[in-house]
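See structure below.
Quick caveat, the model's predicted, so the values are computed rather than measured.
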Amino acid sequence: MRLGLALPTFGPDATPEGVLRVCRTAEEMGYDSLWTGDRVLAPRVPSAPYPSRDGAMPRVYENHMDPLVALTFAASHTSRVRLGTSTLNGLWHPPIMLARSLTTLDVLSQGRLTVGLGLGWMPDEYTAVSVPWKGRGARLDETLDVLEGYWAEDVFAHEGPLFTIPETVVGLKPRQRPRPPVLLAAFTPVGLRRIGRRLDGWLPVAMPLPHLMGMWDIVVKEAVEADRDPSALHIALRVNPELTDTRTGPEEMPGAGTLDQYIDYARAAAEAGVHELFVDFGQTQTTLAERVDLAGRFLEGVRAG
């Protein structure tokens, strides 16, 4: 199982020095990937509860970097680790602009990009970027159509219900062919079926592993029915630790627990068939030095198993 680490693109460590230290240290430690998230707003009173146990949006989101710019910065200071978005709210961008940005990042990173898309959870952000909250599934499908065409064709045009792109020569192609891997954060049957039918993998968040793998079975079944090879699909599991000083009960994990419990969870995930797991220590109240120390202890503990 590959192991990844979230870059400090939220909160007080979202600085050039913070991103530089984490990306370089992660590569030196032996992490396989680096990840960024995506926010454009931090309302005092969001219109929808955050998808967590208490429904409260983490305060670190009040200070947020652009995920693709941050990954480009990380790409320039690393040479090996893959660079992923978890998640990029792709519907906030016109598809042709999104295609250009992602292609540029894949070229500049020499083929290290993993595109992780999500639909977000907060209607306020859609209002802020003048994109309708309703109809997100259809908008996602057409966005994927544009990305696929842009990456595959030397001369490309698109005419759809939402977007019209006049015929254009596409000279810049991603380093990875036929395209960078595209993963989706989805938890509904419709979303899981979309992954199996046309995407390269799934971006779940930490949950009890039997439930996780049961949802993955839906993806696999859909891939088989679409005559796709399910073994080519990829799970990249996000873990947001809520670290405690003492061990928690099994009913609380993976929502909260000690570092050793999260290490055990990662080992169990590998045994269950998870292909990649990445951890975000930025949602705990730690200094940058403590965050780096936790990353080292976590990697060492998982690899030791």
No-hydrogen, no-angle side-chain donor-acceptor test under 3.5 Å, W35 and T85: no
Please, which pairs that meet salt bridge (Lys or Arg N to Asp or Glu O under 4.0 Å) have at least one residue in residues 218-241, sequence neighbours excluded? K221-E225, R238-D280
Do V60 and D13 come within less than 4.5 Å of each other through their side chains, counting heavy atoms only? no
Non-hydrogen atoms of L233 and A223 that approach each other most closely: CD1-CB, 3.9 Å
Nearest heavy-atom neighbours spanning A272 and M213: O-CE, 3.4 Å
Of all the heavy-atom pairs spanning L209 and A269, show the shortest one and how long it is. CD1-N, 3.5 Å
Transitive ILVMFWY side-chain link V239 to W216, under 4.5 Å: yes
Could you tell me which residues satisfy side chain to side chain contact (heavy atoms under 4.5 Å, CB included) with T258, sequence neighbours excluded, listed by chain and number? T244, R247, D260, Q261
Sub-4.5 Å side-chain heavy-atom contact between L88 and L98: yes
Can you pull out every salt bridge (Lys or Arg N to Asp or Glu O under 4.0 Å) where at least one residue sits in residues 61-87? Sequence neighbours excluded, please. R59-E62
Could you check if a side-chain atom of V170 sits within less than 4.5 angstrom of a side-chain atom of D154, using non-hydrogen atoms only? no
Determine whether L119 and L203 fall in the same hydrophobic cluster, where Ile, Leu, Val, Met, Phe, Trp and Tyr are linked whenever their side-chain heavy atoms lie under 4.5 Å apart. no
Salt-bridge contact R303-D32 (side-chain N to carboxylate O under 4.0 Å): yes
Within-4.5 Å side-chain heavy-atom neighbours: Y262 and M253: yes
Show every salt bridge (Lys or Arg N to Asp or Glu O under 4.0 Å) that has at least one partner inside residues 183-209, sequence neighbours left out. D141-R194, D141-R198, D145-R198, E148-R198, R179-D200
Using a 3.5 Å distance criterion without hydrogens, assess whether the side chain of H77 forms a donor-acceptor pair with backbone atoms of A74. no
Return the set of residues passing ring-ring contact (aromatic ring centres under 6.0 Å, His included) with F156 (not counting sequence neighbours), or none when no residue passes. none
Where P230 and V224 come nearest, the two heavy atoms and their spacing: CG-CG2, 3.9 Å
Whichever hydrophobic residues join L172 through chains of side-chain contacts under 4.5 Å: V107
What distance separates M215 CE from T188 OG1, expressed to the nearest 0.5 Å? 8.0 Å
Out of curiosity, M65 CE to F73 CZ, how far, rounded to the nearest 0.5 Å? 8.0 Å
Specify whether F298 and F281 have parallel, tilted or perpendicular ring planes, treating 30° as the upper limit for parallel and 60° as the lower limit for perpendicular. perpendicular
Working to the nearest 0.5 Å, report the span between CG of L5 and CG of L299. 9.0 Å
Between Y126 and V40, is the side chain to side chain contact (heavy atoms under 4.5 Å, CB included) condition met? List the steps. CA-CA 9 Å; Y126 279 74; V40 295; over 6 Å; no
Among all residues two or more places apart in sequence or in another chain, which pass the salt bridge (Lys or Arg N to Asp or Glu O under 4.0 Å) test with R100? none
Is there a side chain to side chain contact (heavy atoms under 4.5 Å, CB included) between L105 and L102? Walk through the geometry before answering. CA-CA 5 Å; L105 180 49; L102 295 174; 5.6 Å; no
Determine which pairs satisfy salt bridge (Lys or Arg N to Asp or Glu O under 4.0 Å) with at least one residue from residues 101-128, sequence neighbours left out, and list them in order. R39-E125
Atom CG of L259 and atom CZ of R297: how far apart are they, to the nearest 0.5 Å? 5.0 Å
Output the distance between atom CG (L288) and atom CZ (R21), rounded to the nearest 0.5 Å. 5.0 Å
Provide the full list of side-chain hydrogen bond (donor to acceptor under 3.5 Å, both in side chains) pairs with a residue in residues 162-174, sequence neighbours left out, each pair given once. E159-T164
Residues forming a ring-ring contact (aromatic ring centres under 6.0 Å, His included) with H158, sequence neighbours excluded: none
Using side chain to side chain contact (heavy atoms under 4.5 Å, CB included), reason through R139 and L162 one step at a time and then give a plain yes or no. CA-CA 7 Å; R139 184 174 292 268; L162 298 173; 3.9 Å; yes
Given side chain to side chain contact (heavy atoms under 4.5 Å, CB included), test V302 with L3 step by step and report yes or no. CA-CA 9 Å; V302 177; L3 290 174; 3.8 Å; yes
ring-ring contact (aromatic ring centres under 6.0 Å, His included) partners of residues 162-204, not counting sequence neighbours, each pair once: none
Any heavy-atom pair between the side chains of V22 and Y31 that's under 4.5 Å? no
Tightest non-hydrogen contact, residues G257 and T248, listed as CA-OG1, 3.6 Å
Any chain of hydrophobic side-chain contacts (each under 4.5 Å) joining V279 to I235? yes
How about L183 and L117: do any of their side-chain heavy atoms sit closer than 4.5 Å? no
Does Y265 have any ring-ring contact (aromatic ring centres under 6.0 Å, His included) partners at least two apart in sequence or in another chain, and if so, which? none
Just wondering, do L212 and L237 contact through their side chains at under 4.5 Å, heavy atoms? yes
Given the rule that I, L, V, M, F, W and Y join up when any side-chain heavy atoms are under 4.5 Å apart, are V219 and M1 in one cluster? yes
Answer whether the closest heavy-atom distance between the side chains of P123 and P46 falls below 4.5 Å. no
Following the transitive rule for hydrophobic clusters with a side-chain heavy-atom cut-off under 4.5 Å over Ile, Leu, Val, Met, Phe, Trp and Tyr, establish whether V129 and L68 coincide in one cluster. yes
I need the minimum non-hydrogen distance between P67 and T36, along with the two atoms involved. CB-OG1, 3.3 Å
OG (S33) and CD (E276) are apart, to the nearest 0.5 Å, by 3.5 Å
